[in-house]
Asker: 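Dumping the structure here so I can ask a few things about it.
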There are 2 protein chains.
Amino acid sequence: MNNARFPISLHILTLLARESGTLLSSDYIAGSININPVLVRKEISNLRNHGMIESKEGKNGGATLAKPAGTILLSDIYHAVQQTSLLGNSRNHPNPDCAVGKQINQHLDDLYKDIEGALLRKLEHMTLADFANKF
Amino acid sequence: MNNARFPISLHILTLLARESGTLLSSDYIAGSININPVLVRKEISNLRNHGMIESKEGKNGGATLAKPAGTILLSDIYHAVQQTSLLGNSRNHPNPDCAVGKQINQHLDDLYKDIEGALLRKLEHMTLADFANKF
DNA sequence: TGTACTGTAATAAATAGAATTACAGAATGA
DNA sequence: TCATTCTGTAATTCTATTTATTACAGTACA
């Protein structure tokens, strides 16, 4: 997870949590994060698919939270953006003729799952409201 | 951490743990991982700087563990290769004129530290020997 | 003294990430 | 109704990061 999707999504949701009830445009949000509005709309699309955001097209459109900030867990956000393995194993094709190479991906997966579990237990105890209230 | 440094280092150390006492060449190790030998030598160089590996130059040279596999913690490996933030925040420069943008990096840092702590407590309880014995 | 290694720098190639451009479609309201 | 202001999404370009490759000096051995 070397890309900025987690912090971008959290940033978007924090803005929405603080302007609860009003619709924020992707341009406005992009201005706060300082990234391209198209990226914001992509993340919004993803968060909408995960039930955290509602959005409205057309003039005066924008995005808003789909449910109370207190009911959105940081682990929900993690799950929504998570794609690659936590400790990195992109593109690894060990030698299947080697006793270690043959099995290492399986053992790495087990290890990552274990570690991710610990991380998730942390994130499950923090809500978007907790985070947004720090500001 | 989107690169493969953690799994590569763990793979190297696992091979060494299983061939404890003998010197393995970077070519041999690279063959098991299926990557370029120069990358292996770079990781070995890093692990050596962190006291986990010893290496010998010249003919019949190679690498070997610098201490018993039971005394090398997975958290040691994590520290040796860790460079970027766990949940990604590369290159983020939020708008300082926005109340949220201005403070978010600080709050993200706090959150990451908290999460990383949970992860490290997991890794501190696993040794290289534990991992290598799975094969 | 030739051979087989490590160590490291420099460069090139491949991949991934982010920005940009483009445009169709939706909602608003003048 | 129709210009305006948004979203949604695809396609492309640009840039940064990661990995592979090339090159070669230095070391140890036999």
Side-chain angles (χ1 to χ4, degrees), chain A residues 1-9 11-12 15-16 19 22-50 53-64 66 81-85 87-95, chain B residues 1-9 11-12 15-16 19 22-50 53-64 66 81-85 87-95:
Chain A
M1 179 115 57
N2 208 13
N3 61 21
R5 290 191 57 199
F6 181 84
I8 287 173
S9 282
H11 196 142
I12 292 170
L15 291 171
L16 297 182
E19 302 285 344
T22 68
L23 291 169
L24 298 185
S25 74
S26 62
D27 258 44
Y28 173 82
I29 295 170
S32 170
I33 309 181
N34 202 19
I35 60 173
N36 195 284
V38 175
L39 249 193
V40 172
R41 295 204 284 269
K42 270 187 194 157
E43 284 310 315
I44 284 175
S45 166
N46 180 54
L47 294 168
R48 187 178 51 235
N49 292 337
H50 285 83
I53 280 183
E54 283 171 359
S55 59
K56 198 185 148 198
E57 294 184 36
K59 194 170 179 180
N60 301 327
T64 190
V81 304
Q82 205 255 354
Q83 341 156 59
T84 63
S85 179
L87 296 178
N89 66 346
S90 56
R91 219 169 339 105
N92 87 0
H93 304 294
N95 186 345
Chain B
M1 178 118 55
N2 208 11
N3 60 23
R5 290 190 57 198
F6 181 85
I8 288 173
S9 283
H11 196 142
I12 292 170
L15 291 170
L16 297 182
E19 301 286 343
T22 67
L23 291 169
L24 299 186
S25 74
S26 61
D27 259 42
Y28 174 83
I29 296 171
S32 170
I33 309 182
N34 201 21
I35 60 172
N36 195 285
V38 176
L39 249 193
V40 172
R41 296 205 284 270
K42 269 186 194 158
E43 284 310 315
I44 284 175
S45 165
N46 181 52
L47 294 167
R48 187 177 53 237
N49 291 338
H50 285 85
I53 281 183
E54 283 171 357
S55 59
K56 198 184 149 199
E57 294 184 36
K59 194 169 180 178
N60 302 328
T64 189
V81 303
Q82 205 255 351
Q83 337 158 63
T84 62
S85 178
L87 297 179
N89 68 344
S90 58
R91 220 168 339 105
N92 86 1
H93 303 295
N95 186 344

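Here is the naming used below: chain letters follow the sequence lines, and residue numbers restart at 1 for every chain.
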Asker: Over how many whole Å does the gap from B/H93 atom NE2 to C/dA19 atom P extend?
Answerer: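 So the NE2-P distance, B/H93 to C/dA19, works out to 10 Å.
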Asker: Respond yes when some side-chain nitrogen or oxygen of A/S45 is under 4.0 Å from OP1 or OP2 of D/dT7, and no when none is.
Answerer: no
Asker: Just N and O in the side chain of A/S26: are any of them under 4.0 Å from OP1 or OP2 of D/dT7?
Answerer: yes
Asker: Please identify each residue that fulfils side-chain contact (heavy atoms from CB on, under 4.5 Å) with A/E19, with sequence neighbours left out.
Answerer: A/T22, A/L24
Asker: Base, backbone or nothing for each nucleotide of nucleotides 20-30 of chain C, written B, S, -, heavy atoms under 4.0 angstrom, 5' to 3'?
Answerer: BB---BBBB--
Asker: Specify the separation, in whole Å, of atom CD of B/E43 and atom P of D/dA20.
Answerer: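 Atom CD in B/E43 sits about 12 Å away from atom P in D/dA20.
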Asker: Just how far, in rounded Å, is C1' of D/dG8 from CD1 of A/I53?
Answerer: 14 Å
Asker: For residues 30-39 of chain B, which side-chain N or O atoms pair as donor and acceptor with protein atoms under 3.5 Å away, sequence neighbours left out?
Answerer:
residue : atom : partner : partner atom : Å
B/S32   : OG   : B/H11   : NE2          : 2.8
B/N34   : ND2  : A/H93   : O            : 2.9
B/N36   : OD1  : B/V38   : N            : 2.9

Asker: Starting at CZ of A/R5 and ending at P of C/dA16, how long is that distance when rounded to a whole Å?
Answerer: 15 Å
Asker: May I have the distance from A/I8 (atom CD1) to C/dA18 (atom P), rounded to whole angstrom?
Answerer: 6 Å
Asker: List for me each residue that meets side-chain contact (heavy atoms from CB on, under 4.5 Å) alongside B/N46, sequence neighbours excluded, and say none if there are none.
Answerer: B/R5, B/E43, B/H50, B/A80, B/V81
Asker: Rounded to whole angstroms, how far apart are CG on A/L24 and C1' on D/dT7?
Answerer: 14 Å
Asker: Expressed in angstrom and rounded to an integer, what is the separation of A/I29 atom CD1 from D/dC6 atom P?
Answerer: 12 Å
Asker: Starting at CG of B/D27 and ending at C1' of C/dT6, how long is that distance when rounded to a whole Å?
Answerer: 11 Å
Asker: What residues form a side chain to side chain donor-acceptor pair (under 3.5 Å) with A/S25, not counting sequence neighbours?
Answerer: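 Scan of A/S25 (side chain to side chain donor-acceptor pair (under 3.5 Å), adjacent residues dropped) gives none.
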